[in-house]
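Notes to accompany the following structure.
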Amino acid sequence: MADPIALIDCNNFYVSCERVFDPRLAGVPVIVLSNNDGCAIARSEEAKALGIKMGAPAFKMRDVIERHGIRVFSSNYTLYGDMSRRVVDTIGGFSPRFEVYSIDETFVDLSGFGERMIAQASDMRQEVRERTGIPTCVGIAATKTLAKLANFAAKKNPLFAGICNLTDDAIRDYVLDRVPIGEIWGVGAATEAKLQAQGILWASQLRAMPLPHARKIGTVVLERLVAELRGVPCIGIEEVEPQRKGMAVTRSAGTPMTSFDELSQALSAHASRAAEKLRSHGLVAGTITAFFHTNRHKPERPQHSASRTTRLTPMSADSFDLVEAALRCAARAWKGDRDHNGYAYTKAGVILDDLVVADKAPRLLFPPDRPRDARLMGALDAVNDRFGKKTLVLASEGYKRSWALRADHRSPRYTTRLSDLPTVNI
DNA sequence: TCTGGGGTCCTAGGACCC
DNA sequence: TCTGGGGTCCTAGGACCC
């Protein structure tokens with residue numbers, strides 16, 4: 001059999017993070033909202049039981065929240081990111097080979113533990129719980145896809161008590177007969193519909209599908225998926241984070257933007273933030289895309305969506321370069337009167353592509369007369385690092401920030417900001 | 001009437017993930 | 001009034017080459 005892989009996945013991660021720092025949240029319904037307090041992206045079991053759906057818009061839940069006293073939080077990514085790091089640190093103590101798959105999931109290579117495999121997984125859960133306060137579930141199987149499925153079963157079926165081992169043939173058949181195809185990692189709405197149309201409803205049925213048929217329905221991706229369901233590993237554990245290919249900063253506007261000025265200010269802020277991210281990773285970008293669009297959830301209103309892409313020559317991580325390029329794109333994409341063109345834009349962003357490690361970037365044959373001075377960006381980052389984000393910004397960002405997003409229910413940055421440390425009364 | 005064959009590279013768009 | 005943000009991979013099709 002292939003080497004066993006474990007997937008350790010934090011339960012309702014964002015909610016669990018909030019609970020670590022406020023024990024009064026235990027046992028009560030809690031939800032965490034997306035950016036701009038838009039929709040629910042994490043729910044406690046109690047909130048799920050009340051029918052709160054993943055991705056449900058906050059404004060439509062007002063009644064339920066009121067009626068059941070659901071505790072609501074804006075997302076606090078600084079806190080979640082830091083807690084995630086602590087969880088991963090703990091997991092790293094259990095196996096030398098692991099892959100951080102997302103903020104709340106890690107694949108762990110369990111080969112070599114033999115009989116002790118299950119005990120090891122159990123210890124790992126225990127240790128994460130003790131050191132971070134975060135509850136987890138573990139799924140074990142021969143492939144990543146099966147490990148994801150095992151984790152799903154561990155979460156859903158209390159019989160497994162948090163650990164589901166699909167390397168056991170009987171358990172594997174039992175689970176695959178009962179998991180709907182839509183719950184399988186890699187089967188989204190489109191593939192689910194295609195499969196259902198052919199009468200394939202359960203994971204075990206998909207596993208039995210001939211490989212050529214799978215490829216016909218869903219290209220090589222579905223073919224690999226079927227192989228993985230059969231226990232043939234097609235997706236390896238990636239211990240080192242691969243060089244990232246693109247980077248985006250996009251935001252909904254707190255209040256819709258109706259003038260080119262407002263849009264420019266928002267895009268300036270997004271482009272600066274993108275440049276900051278690039279520099280923190282030691283990268284430069286080769287192309288930049290700026291886009292903006294109206295509210296797609298309101299088709300009865302006038303709709304407009306536009307985007308433009310331009311090359312950055314030389315490749316750059318300089319805030320001035322990126323802001324300039326983004327605004328050039330926006331100006332080309334804007335239509336009509338600059339003060340008021342009849343559209344209300346609710347979302348804008350910049351996307352960077354062709355990312356390269358800064359000192360490997362190609363040099364220009366004919367460099368610009370007045371090249372950007374890297375020391376300026378160094379100073380900018382140093383000031384903002386020391387005195388807080390946005391202490392120093394480019395003037396093109398404006399000062400009103402009318403587009404800025406909402407976050408009315410944010411919890412304190414308990415672990416990353418001294419002034420937010422909890423106080424203990426003795 | 002008859003109009004080659006075989007490549008590469010790039011981009012846009014779809015599908016999926018958390 | 002109010003519906004997130006940030007990624008990856010794959011394919012088809014066009015442009016271009018000899």
Side-chain angles (χ1 to χ4, degrees), chain A residues 7 9-14 31-43 52-63 65 72-77 80-81 84 99-107 144-145 148 151-152 181-195 215-225 234-235 238 241-256 270 273-274 277-278 281 286-287 289 291 293-299 301 305 307-309 311 344 346-355 405-409:
Chain A
L7 175 67
D9 185 320
C10 303
N11 303 346
N12 317 324
F13 183 55
Y14 297 168
I31 60 175
V32 176
L33 301 178
S34 64
N35 260 329
N36 220 18
D37 291 346
C39 47
I41 53 169
R43 307 154 295 153
I52 305 277
K53 295 275 180 275
M54 187 70 173
F59 72 93
K60 284 189 183 168
M61 302 186 295
R62 214 138 290 173
D63 283 359
I65 291 172
V72 177
F73 290 85
S74 301
S75 37
N76 185 346
Y77 291 109
Y80 311 149
S84 172
E99 171 189 342
V100 179
Y101 175 67
S102 74
I103 194 163
D104 66 337
E105 295 163 273
T106 299
F107 286 107
K144 278 182 159 181
T145 304
K148 287 282 281 189
N151 199 286
F152 173 78
I181 48 167
E183 301 293 345
I184 301 171
W185 190 42
V187 177
T191 308
E192 182 183 24
K194 275 193 238 172
L195 291 172
R215 182 182 275 254
K216 215 151 76 190
I217 295 178
T219 77
V220 64
V221 180
L222 192 64
E223 185 181 3
R224 271 202 296 251
L225 192 152
C234 302
I235 311 169
E238 300 195 24
E241 211 176 314
Q243 160 71 49
R244 67 152 85 204
K245 302 189 163 108
M247 184 181 280
V249 176
T250 68
R251 291 284 179 282
S252 295
T255 47
H270 303 339
R273 175 69 194 125
K277 269 168 80 175
L278 273 181
H281 287 84
T287 63
T289 301
F291 75 88
H293 62 74
T294 47
N295 189 346
R296 290 177 173 155
H297 299 289
K298 300 280 177 192
R301 295 187 198 159
S305 159
S307 95
R308 290 290 186 284
T309 303
R311 286 211 73 79
T346 50
K347 188 165 180 176
V350 303
I351 301 165
L352 305 175
D353 272 302
D354 292 347
L355 307 190
L405 44 75
R406 281 185 301 271
D408 297 336
H409 318 281

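What you see is a predicted model, and the numbers here were worked out from it, not measured in a lab. First the proteins, then the strands, lettered A, B, ... as listed; each starts at 1. Computation of the quantities below employed the complete heavy-atom set of this structure, encompassing side-chain atoms and omitting hydrogens, waters and symmetry-equivalent molecules.
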Whether the A/Arg296 and A/Ser305 side chains hold a donor-acceptor pair (N or O, under 3.5 Å, no angle test) is what I'd like checked.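 Their side chains do contain a donor-acceptor pair, which is all the 3.5 Å distance test asks for.
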
No-hydrogen, no-angle side-chain donor-acceptor test under 3.5 Å, A/Thr287 and A/Asp353: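 On atom types as modelled, these side chains do not qualify, holding no pair under 3.5 Å.
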
Using a cut-off of 4.0 Å on non-hydrogen atoms, how would the nucleic acid contact of [X] be classed: base, sugar-phosphate, or nothing?
| X | result |
| --- | --- |
| A/Lys277 | sugar-phosphate |
| A/Thr346 | nothing |
| A/Asp37 | nothing |
| A/Arg301 | sugar-phosphate |
| A/Arg296 | nothing |
| A/Ala190 | sugar-phosphate |
| A/Lys148 | sugar-phosphate |
| A/Leu225 | nothing |
| A/Ala56 | nothing |
| A/Lys347 | sugar-phosphate |
| A/Arg215 | nothing |
| A/Gly246 | sugar-phosphate |

Starting at atom [atom1] of [X], determine the distance to atom [atom2] of [N], rounded to an integer number of angstrom.
| X | N | atom1 | atom2 | answer |
| --- | --- | --- | --- | --- |
| A/Ile235 | B/dC17 | CD1 | P | 11 Å |
| A/Glu183 | B/dC18 | CD | P | 10 Å |
| A/Arg311 | B/dC10 | CZ | C1' | 11 Å |
| A/Phe59 | C/dT1 | CZ | C1' | 9 Å |
| A/Asn36 | C/dG4 | CG | C1' | 8 Å |
| A/Arg273 | C/dG4 | CZ | P | 20 Å |
| A/Asn35 | C/dG6 | CG | C1' | 11 Å |
| A/Leu355 | C/dT8 | CG | C1' | 13 Å |

Using only side-chain N and O atoms of [X], determine if any of them is under 4.0 Å from OP1 or OP2 of [N].
| X | N | result |
| --- | --- | --- |
| A/Lys194 | B/dA15 | no |
| A/Arg251 | C/dG6 | yes |
| A/Thr250 | C/dG6 | yes |
| A/Arg224 | C/dC10 | yes |
| A/Ser102 | B/dC17 | no |

Is a side-chain N or O of A/Thr309 found less than 3.5 angstrom from the main chain of A/Thr289, in a donor-acceptor match?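 Between the backbone of A/Thr289 and the side chain of A/Thr309 there is no qualifying donor-acceptor contact (under 3.5 Å).
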
Could you label the plane-to-plane angle of the A/Tyr80 and A/Tyr77 rings as parallel, tilted or perpendicular, counting under 30° as parallel and over 60° as perpendicular?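 If you compare the ring of A/Tyr80 with that of A/Tyr77, the planes turn out perpendicular.
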
Can you find a heavy atom in the side chain of [X] that is under 4.5 Å from one in the side chain of [Y]?
| X | Y | answer |
| --- | --- | --- |
| A/Arg251 | A/Asn36 | no |
| A/Thr191 | A/Ile181 | no |
| A/Leu7 | A/Lys144 | no |
| A/Thr294 | A/Arg301 | no |

What integer number of Å spans the P atoms of C/dC18 and B/dT3?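 Result for the P pair: 25 Å, nearest Å.
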
Are more than 12 heavy atoms, taken from residues, nucleotides or ligands other than A/Glu241, located less than 6.0 Å from that residue's CD atom?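 No, the 6.0 Å shell around CD holds no more than 12 heavy atoms from other groups.
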
Could you check which of [options] has an atom nearest any side-chain atom of [X]?
| X | options | answer |
| --- | --- | --- |
| A/Trp185 | C/dG6, B/dC17, C/dC10 | B/dC17 |
| A/Ser34 | C/dT8, C/dG6, C/dG4 | C/dG4 |
| A/Asn295 | C/dG5, C/dT3, B/dC18 | C/dT3 |
| A/Lys298 | C/dG6, B/dC17, C/dT3 | C/dT3 |
| A/Thr219 | C/dT11, C/dG5, C/dT3 | C/dT11 |
| A/Val221 | C/dG4, C/dC10, B/dC18 | C/dC10 |

I want to confirm an ordering. Mapping A/Met247 and A/Cys39 to their closest nucleotides on DNA chain C, which one lands closer to the 5' end?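 On the 5' side of the pair lies A/Cys39.
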
Select from A/Glu238 and A/Val249 the residue whose nearest nucleotide in DNA chain C is closer to the 5' end of that strand.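 Checking each residue's closest nucleotide, the 5'-ward one belongs to A/Val249.
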
When rounded to the nearest 0.5 angstrom, what is the spacing between OG in A/Ser75 and CG in A/Asp37?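 Answer rounded to 0.5 Å: 7.5 Å.
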
For DNA chain C, what is the dot-bracket line, given that a base pair needs Watson-Crick (N1 to N3, plus N6-O4 or O6-N4) or G-U wobble (N1-O2 and O6-N3) geometry with both distances under 3.5 Å, and | means paired with another strand? ....||||||||||||||

